[in-house]
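Okay, structure first, notes after.
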Amino acid sequence: MLPMDSTSRPIRGKNARPSAVIDVGTTSIRMAIAEIDDEGGVRHLSALSQAVSLGKDTFTRGFLEKSTIEECVRVLKSYRRVLAEYGIEATNKVRVVATSAVREASNKLAFLDRIYTATGFQVVPIDEAEVNRITYLGIQPLLRLDPELSDARTIVTEVGGGSTELLQVKNADVLFAHTYRLGSLRIHQTLETYHASQSSTRRLMETQIQRILDQIQQQIPAEPTQEMVGLGGDMRFAARQLVPDWDPDKLTRIPVKDLSELTDAVLALNEDKLVHKYHITFPEAGTIGPALLAYTMMAKAFGLKQVIVANINLRDGLLNEMASRGGWNEDFSNQVIRSAFDLGRKFEFDEAHAKQVAKLCGILFQGLREEHQLDPRYELLLRVAALLHEVGLYISTGSYHKHSMYLIQHSELFGLSRSDVQLVALTARYHRRSAPKPTHTVFTTLNRDQRIAVVKMAAMLRVADALEASHGQRLHELKFSREGGRLVIAIPQIEDLSLEQLALKQSGSLFESTFGMPVLLRKLRP
């Protein structure tokens, strides 16, 4: 029998649609079922969880055992039957993701293929940047509602089985985001590998955790107005133990002193005693101690007197994303743009020029929707590429477009997956000089849709860059028309366009070959 919450079956409104998300994690497979209305509201219906040994396999052997894979098949088949009871059959109403245990397994593809063959679920391994993005989507509404967090620099963190996600947020702006290879199951498996004695176990855990904390403190120095929000099941466990009548729908503050005492009590017990005393599962008993110790040490490292517990998880963020129909809302887009500005400043870019080219790219994207027919999310990728297209000048003026690609490829941009970063990097690389060629190995690794998207974005970026050839931010309004097989861009209130016309003549060939029409630039007639 699958564990299920006590929420009754819903009486569905005419505008509600049932949806579900499944998280294939390191120690369990969890599913959340909800109704999503036309206004983006989410009503939770049910939550299910089944323990699996994915992390134990990957973190000790490097691959997933056949028996573990088949156990996952069994769990997901049972979830499929539950979804049928809710009338959820269409694949676009179910999203299935996997985190580090699957992502790092050497036989990842075999696992994904087996799951799809047996259940029809397309499991998508999400990378660290996507997890950060989804965490942001989940926690953002709660942070906005708490006045005490409005001016503080808030660290939002979750110590998972395989990794620790960390965001620093202020006024809903993401100041920092990173993922660290610090996970409660990783620590537990390391201790088992070393056959550590009970007396040395805690010391070894503290050593591993402190190594990561040293990295974190180099990147996020302690401040007087700092707060810390802990996510995940281990912090919810702490709230249940320490806060009478805990309300999971509200942010709950726990004194670090109390959390430290609970951590000491947990670490003093073996797994059998933890299961008996706290009525938890054996997999949870193996990881709860390392996780609580990591949260406690982090809070003390930042000099905090209390930590905040939020009943938010990866599935909440996924449901919020589905509620927005997969779109990247304005708040999220602003965080990505902010991250791009931070990266540009790191490499001393011409901010005024980059901002203007990005603005013109946005105008071109909107005005040429009929021609490019790209998904709206590509507008954000194009704007990021425009902001960063000249960062390669930090290295050298020669072939700087290639240097731009390299720097973007090897940088982190909040909220963008590695695949998205690759598209941004290639778009910046092709903003000048040669068009994509079969000999360009990075470009040829993309699938067809991605290659076409890069070429279209690069073509628009070249036009925008030509329109900003003066580096004077002169053009603020563009009028589009199609005349005799040409795209005509009319510019109001500018008398002399000779510099822009020359630049467009030199760089407009990619646009013409991509969209089948040359670009003509002229003054707007009164």
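Counting begins at 1 with the first residue of the sequence. Because the structure is a prediction, the values reported are computed rather than measured.
Listed by first and then second residue, the ring-ring contact (aromatic ring centres under 6.0 Å, His included) pairs that reach into residues 52-75 come to none, sequence neighbours excluded. Applying the ring-ring contact (aromatic ring centres under 6.0 Å, His included) test to every pair with at least one member in residues 442-499, sequence neighbours left out, gives these pairs: His353-His471, Tyr430-Phe443. Here ring-ring contact (aromatic ring centres under 6.0 Å, His included) pairs that include residues 489-522, with residues two or more places apart or in two chains, are Phe511-Phe515.
Partners of Tyr116 according to the ring pair (Phe, Tyr, Trp, His ring centres under 6.0 Å) rule, which considers only residues two or more places apart in sequence or in another chain, do not exist here. The side chain to side chain donor-acceptor pair (under 3.5 Å) check on Ser481 picks up Glu483, with sequence neighbours excluded. Partners of Tyr400 according to the ring pair (Phe, Tyr, Trp, His ring centres under 6.0 Å) rule, which considers only residues two or more places apart in sequence or in another chain, are His431. Taking the side chain to side chain contact (heavy atoms under 4.5 Å, CB included) definition, one finds that Ala352 meets it with Asp350, Gln473, sequence neighbours left out. Remark: Asn107 pairs with no residue by the side chain to side chain donor-acceptor pair (under 3.5 Å) rule, at least two apart or across chains. For His372, the ring pair (Phe, Tyr, Trp, His ring centres under 6.0 Å) partners two or more places apart in sequence, or in a different chain, are Phe365. By the side chain to side chain contact (heavy atoms under 4.5 Å, CB included) test, Ala129 is found to be paired with Asp127, residues two or more places apart in sequence or in another chain being considered. Partners of Arg95 under the salt bridge (charged side-chain N to carboxylate O under 4.0 Å, His left out) rule, at least two apart in sequence or in another chain, are Glu321.
Using a 3.5 Å distance cut-off with no hydrogens or angles, the side chains of Gln450 and Gln422 do not pair a donor with an acceptor.
Between Asn320 and Gln140, the closest side-chain pair of non-hydrogen atoms is not below 4.5 Å.
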- request: Might you work through the side chain to side chain contact (heavy atoms under 4.5 Å, CB included) test for Asp23 and Val21, ending with a clear yes or no?
  value: CA-CA 7 Å; Asp23 167 19; Val21 293; over 6 Å; no
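Residues Arg418 and Glu412 share a closest heavy-atom pair of NH1-CA, 4.4 Å.
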Please output the side-chain donor-acceptor pairs of residues 159-166 that fall under 3.5 Å, not counting sequence neighbours, one pair per line with the distance.
| unit_1 | atom_1 | unit_2 | atom_2 | d |
| --- | --- | --- | --- | --- |
| Ser163 | OG | Glu165 | OE2 | 3.2 |
| Thr164 | OG1 | Leu182 | O | 2.6 |
| Glu165 | OE1 | Thr179 | OG1 | 2.5 |

